[in-house]
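As C-alpha cells, the structure follows; a few thoughts come after it.
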Amino acid sequence: MEPTTFILFGATGDLAKRKIYPALYNLFVDNLLPQSFFLIGLGRREWSDETFQANVERSIREFSRREAEDPALLKPFLRLFRYCVLDAGRQEDYRKLLQMIEQREQELRLAPNRLFYLSVGPEFFETIAANIQESGLGSADGWKRLVIEKPFGHDLQSARDLNRKLNKAFAEHEIFRIDHYLGKPIVQKLEVLHQTDPILRELWTGRRIANVQITAGETVGVEERAGYYDHAGAVRDMFQNHMLQLLMMLAVHFPNDSADEMSRVKKRKVMEALRPLRKQDVVESVIRGQYTAGTIQGTPVTGYTSEPGIAQQSMNDTFIAAKLRIDDSFWDGVPFYIRTGKRMREKSTRIVIEFKDALMPSFAAKSGSKAPNLLVFEIGPKEGISLRFHKKDAPHTEEFEPVHVDLTANRGDVQEAYENLICDALRGDPRFFAHWDEVELSWVWVQPILEAFEDNLVPLRLYEAGSYGPAESDVLLAEDGYHWWFDTKTEQESNTKEGEPYAYHTNY
Ligand code: BG6
C-alpha cells in the first residue's frame with residue numbers, strides 16, 4: 001500500500017470509537033496498514049494528542065475483537081495518531097490543518113496521498129468537501145480519496161444535490177461511499193462462491209429458484225437516535241441502502257472477469273431491471289409497520305411512540321417489507337421478498353434462496369410437506385452458508401428430515417465489516433463501496449414509496465415488539481404460496497397457527 005495520511009473528520013464521535021479505531025487496530029496487527037501511515041483526528045473538542053491517543057486506546061480496549069494487551073503492538077499503533085481542533089465551517093482551520101499535514105509529510109518524507117474520512121452528520125458533508133477543495137488540502141501531487149458514511153441524501157433530489165456538490169471537489173473514482181453491509185464477510189464471499197462452486201452455480205439460477213428472501217431483523221429500538229430516525233424510518237435507514245445492496249449482490253451475475261468496473265455495470269443492470277413501482281401501486285407490494293410495546297427476550301419494552309423524543313402521533317415506519325421483481329431473463333418469475341425492522345424477535349440478517357421442485361409430488365402427498373431445498377446465507381451476527389438437503393432414514397415413516405451442509409470456509413475470529421472496508425479504501429479498491437449509479441437508482445426505486453408513505457397511501461400496520469413484524473408481511477408471501485423461513489414462534493403462537501412454516505427451526 002502506498003504511504004497514506006488518514007484525515008478523520010468526527011474523531012471524537014461514536015462511530016470512530018466503536019468501529020473505526022478498533023478496525024484500524026486490527027488492520028495494524030494484521031500488517032494491513034501502509035508502512036508509512038499516520039492519522040489526524042479532527043473534532044471541535046480541545047484535545048491534546050495525548051488525550052486523543054488515550055481515547056483511542058480506551059475504544060480499542062472496549063470494542064476491538066482482539067484484546068489490546070501487548071504494549072509492543074499498542075504503543076507503536078497509538079503513536080500514529082495526532083489530533084487537530086477543527087470547526088467544519090471555519091476555513092482558517094483547514095489552512096491550519098494543511099500546514100500540519102504538509103509538515104508531517106515532509107518530516108516523514110511521505111508522498112502526499114490523503115484519505116479524507118467523513119464520520120460526521122450529513123449536514124457537514126458538503127461544507128467539508130468544499131473546504132477541502134478551497135483550502136488546497138485536496139490539491140497535492142498524490143492521490144486523494146473521500147470516504148463518506150451514510151445517509152447519502154434524504155430522497156432522490158437531495159442525493160443528487162449532494163453528489164453534484166461532492167463532485168466539485170472529488171471525482172467519482174475518488175469517492176468511497178460506505179455501506180457497511182458490503183463489508184460483511186459473507187456478503188463479500190457471494191461472488192467467489194458463485195464463481196468457484198460449480199454445483200452452486202448450477203443451482204443459483206432463476207429457473208431453479210422459487211423465491212429469494214432477505215431479512216434484516218433487529219431487536220434494538222430507536223435508541224438515542226430519535227431526531228434522525230423519526231425522519232428517516234426503516235425505508236431510508238436500512239431499505240434504500242443496505243437491503244437493496246444485498247439484493248444487488250445476490251442477484252448480480254458476476255462476469256468471469258469480474259474487474260471492478262464490470263461488477264459495477266452488472267450491479268447497475270440489476271437496479272435498472274428492478275420493476276418500478278408507481279406511487280398508487282405501492283400499497284400492493286409494500287408493508288409499512290411500527291412497533292408497539294412488547295417483550296424482547298423476556299424484557300418488556302415500550303412502543304415506538306412512547307420512546308424519548310418521538311411524537312405520540314408519529315407515523316414513522318420502523319418496519320418495511322416489500323415484494324420486488326427483477327425483469328431480466330435470469331430472474332424472470334422469481335419474487336424477491338425483503339423485510340427489515342426494529343424491535344423484532346431476533347437480531348439476524350439472512351438471505352434464504354428457496355428452490356423449486358421440492359419433493360416429487362408423490363412423496364409430497366405422502367409426507368404432507370413440500371420441504372424445498374434451501375440455500376441460506378447467515379450474514380450476521382451469526383455467520384455461515386448452508387445448503388439444506390433432505391434425508392429419509394426411517395423406512396416406515398413418510399417423514400423427511402432436513403440436513404444442513406455447512407459451506408462456510410473459515411471459522412473463528414472473522415474480520416469486521418469496517419476492517420474490510422477501510423483496508424479496501426486504503427488500497428483504492430472500490431468494489432465493495434456504493435457507486436453513485438447504484439445509489440441514485442436505489443433512490444429512484446424507493447422514491448414512490450417515500451411519497452406513498454408521506455401521503456398515507458399505505459396503512460401503518462402496528463406490530464408487537466418481539467414479533468416478526470406485522471401479520472400483513474406474512475400475507476405478502478402467503479399470497480404467492482410461500483412463507484418466511486426460520487421465523488421461530490413461541491409455543492403459544494405455534495399452537496394457534498397450523499402448517500409447515502415453522503417446522504424446521506429446531507434443526508437449523
Ligand atoms: C445502520 C442503521 O446503518 O445499520 C442502524 O443506521 C442499524 O439503524 C444498523 O441498527 C444495523 O447494522 P448491523 O451491522 O448491526 O446489522
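All ligand and atom numbering here is 1-based and tracks the order in the structure. Each residue takes its place number in the sequence, starting with 1.
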Output the list of atoms in ligand 1 that are nearer than 4.0 Å to some heavy atom of [X], sorted by atom number.
X	answer
His180	1 (C), 3 (O), 4 (O), 12 (O), 13 (P), 14 (O)
Lys150	1 (C), 2 (C), 3 (O), 6 (O)
Lys342	5 (C), 7 (C), 8 (O), 10 (O)
Arg225	2 (C), 5 (C), 6 (O), 8 (O)
Lys184	13 (P), 14 (O), 16 (O)
Asp237	2 (C), 5 (C), 6 (O), 8 (O)

(message) Would Glu223 count as a contact residue for ligand 1, given that I'm defining contact as a non-hydrogen atom of the residue lying under 4.0 Å from a ligand atom?
(response)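 Glu223 does not count as a contact of ligand 1 under the 4.0 Å cut-off.
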(message) Can you confirm if the NZ or CZ of Lys17 lies within 45° of the ring axis of Phe63 and under 6.0 Å from the centre of its six-membered ring?
(response)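 So Lys17 doesn't make the cation-pi contact.
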(message) Counting only nitrogen or oxygen atoms and a 3.5 angstrom limit, does Tyr181 reach ligand 1?
(response) yes
(message) Determine whether a donor-acceptor pair (N or O, by modelled atom type, separation under 3.5 Å) exists between the side chain of Arg66 and the backbone of Tyr25.
(response)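 Such a contact is absent between Arg66 side chain and Tyr25 backbone.
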(request) Spell out, as yes or no, whether a donor-acceptor pair under 3.5 Å connects the side chain of Asp480 to the backbone of Tyr482. (result)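 Checked: no pair found.
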Do [X] and [Y] meet the criterion of a side-chain donor-acceptor pair at a distance under 3.5 Å?
X	Y	result
Gln245	Asn241	no
Arg339	Thr215	yes
Tyr83	Thr12	no

(request) Please state which part of Tyr229 comes within less than 4.0 Å of ligand 1, counting heavy atoms only: side chain, backbone, both or neither. (result) neither
(request) Measure the acute angle between the ring planes of Tyr21 and Phe81, then classify it against the limits of 30° and 60° as parallel, tilted or perpendicular. (result)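 Tyr21 and Phe81: perpendicular rings.
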(request) Just go through Glu416, Lys347, Glu218 and tell me whose heavy atom is the nearest to atom 13 (P) of ligand 1. (result) Lys347
